[in-house]
Amino acid sequence: MISPLMRLRQRFRRLFNRLFKGLATQSDLDRLYDQISGLLTIHSALAGHGVLRPFRGWAISPDAMAWFLADLHERPAPTVIEFGSGQSTVVIAACLKQKGAGRLISVEHDPVYAEGIRKQLRAFGSESFVEITVLP
């Protein structure tokens, strides 16, 4: 014999499945993001451009970067200071290179990571617009 509590759990499970069937889970969205990001990276590499690493984890989100770039484009010769270099450094430097004006000062605590970002900047040809300062 099924207890009333067990019967209630079964009904709740059926209701839950009926309500949420077909909805994407967070892992589905993460996989989709990774696939789109990978496709854009491949496209950029095949076009002969520099390659960005994914904007995940500690990196600024792509939508926030889009807002930042829109603001950056409105300024004639912007000076940007950031704390923590990364993919934002590479994108901002590329934007400044396109403008032909401006400066980015990036403060980074990890010398190894800073060197990796410098290599990316060189690949994009935008290292002359950035000063990476390593401070503990």
Side-chain angles (χ1 to χ4, degrees):
M1 177 174 216
I2 298 175
S3 72
L5 181 59
M6 195 62 131
R7 194 169 285 132
L8 184 61
R9 284 182 181 162
Q10 287 175 343
R11 287 183 182 183
F12 180 74
R13 196 173 303 123
R14 279 195 298 263
L15 178 60
F16 181 86
N17 289 337
R18 184 178 274 168
L19 288 173
F20 295 103
K21 183 179 179 182
L23 295 180
T25 65
Q26 185 61 49
S27 64
D28 293 334
L29 297 175
D30 289 341
R31 283 194 301 272
L32 178 61
Y33 177 91
D34 292 341
Q35 293 300 314
I36 293 171
S37 177
L39 183 60
L40 292 172
T41 299
I42 291 167
H43 184 269
S44 181
L46 292 176
H49 303 293
V51 176
L52 290 171
R53 291 180 176 85
F55 278 71
R56 298 294 267 194
W58 287 92
I60 189 171
S61 65
D63 57 335
M65 178 54 75
W67 278 97
F68 182 82
L69 293 177
D71 183 70
L72 196 63
H73 274 287
E74 295 174 3
R75 301 174 188 276
T79 298
V80 179
I81 300 172
E82 72 172 349
F83 294 92
S85 62
Q87 297 312 287
S88 59
T89 310
V90 179
V91 172
I92 293 167
C95 183
L96 295 175
K97 178 185 173 186
Q98 281 183 328
K99 288 178 77 65
R103 188 88 181 126
L104 170 60
I105 300 165
S106 182
V107 180
E108 175 58 47
H109 76 281
D110 184 341
V112 174
Y113 191 77
E115 187 52 38
I117 298 301
R118 285 186 185 106
K119 287 179 184 177
Q120 275 192 286
L121 291 168
R122 286 191 289 275
F124 277 86
S126 55
E127 69 274 15
S128 63
F129 292 89
V130 181
E131 174 189 330
I132 298 179
T133 302
V134 178
L135 295 172

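Atom set for the values below is all heavy atoms of this structure, side chains included, hydrogens, waters and symmetry mates excluded. Please read these numbers as outputs of a predicted model, since none were measured by experiment.
Rounding to the nearest 0.5 angstrom, the gap separating the OG atom in Ser128 from the CG atom in Leu96 is 9.5 Å. Expressed to the nearest 0.5 Å, how far CG of Asp34 lies from CG of Leu29 amounts to 11.0 Å. Interatomic distance, Phe20 CZ to Leu15 CG, rounded to the nearest 0.5 Å: 8.5 Å. To the nearest 0.5 Å, atom CZ of residue Arg13 and atom CZ of residue Arg18 are 15.0 Å apart. Atom CG of Leu121 and atom CD of Glu115 lie 10.0 Å apart (nearest 0.5 Å).
Listed here is the closest heavy atom pair of Ala114 and Ile132: CB-CG2, 3.9 Å. Nearest heavy atoms, Ala101 versus Ala77: CB-CB, 4.0 Å. Shortest non-hydrogen contact noted between Ile117 and Gly86 is CD1-CA, 3.6 Å.
Shown here is Arg122, whose CZ atom has more than 12 heavy atoms of other residues, nucleotides or ligands within 6.0 Å.
Not a single donor-acceptor pair under 3.5 Å links the side chain of Ser44 to the backbone N or O of Leu40.
Side-chain contact between Phe68 and Val91 is absent, with no heavy-atom pair separated by less than 4.5 Å. Between Arg9 and Phe12, the closest side-chain pair of non-hydrogen atoms is not below 4.5 Å. Side-chain atoms of Tyr33 and Pro62, non-hydrogen and from C-beta on, do get closer than 4.5 Å to each other. Within the 4.5 Å cutoff, the side chain of Gln120 has heavy atoms near those of the Arg53 side chain.
No single ILVMFWY cluster, assembled from side-chain heavy atoms under 4.5 Å apart, contains both Ile81 and Leu72. A continuous path of hydrophobic side-chain contacts links Leu69 to Leu104 [ILVMFWY only; heavy atoms under 4.5 Å]. Grouping the Ile, Leu, Val, Met, Phe, Trp and Tyr side chains by contacts below 4.5 angstrom, directly or via other members, places Leu46 apart from Val51. When the side chains of ILVMFWY residues are joined at heavy-atom separations under 4.5 Å, either directly or via intervening members, Ile92 and Val107 end up in two distinct hydrophobic clusters. Hydrophobic cluster membership is shared by Phe16 and Leu19, with clusters built from Ile, Leu, Val, Met, Phe, Trp and Tyr side chains linked at under 4.5 angstrom.
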Decide side-chain contact (heavy atoms from CB on, under 4.5 Å) for Phe124 and Leu52; before the verdict, give the C-alpha distance in whole Å, the side-chain angles of both, and the deciding distance to 0.1 Å.
-> CA-CA 10 Å; Phe124 277 86; Leu52 290 171; 4.1 Å; yes
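Every pair passing side-chain hydrogen bond (donor to acceptor under 3.5 Å, both in side chains) that includes a residue from residues 97-113 is listed here, sequence neighbours excluded: Glu82-Ser106, Ser85-Glu108.
Under the 3.5 Å distance criterion, with hydrogens and angles disregarded, a donor-acceptor pair is assigned to the side chains of Asp28 and Thr25.
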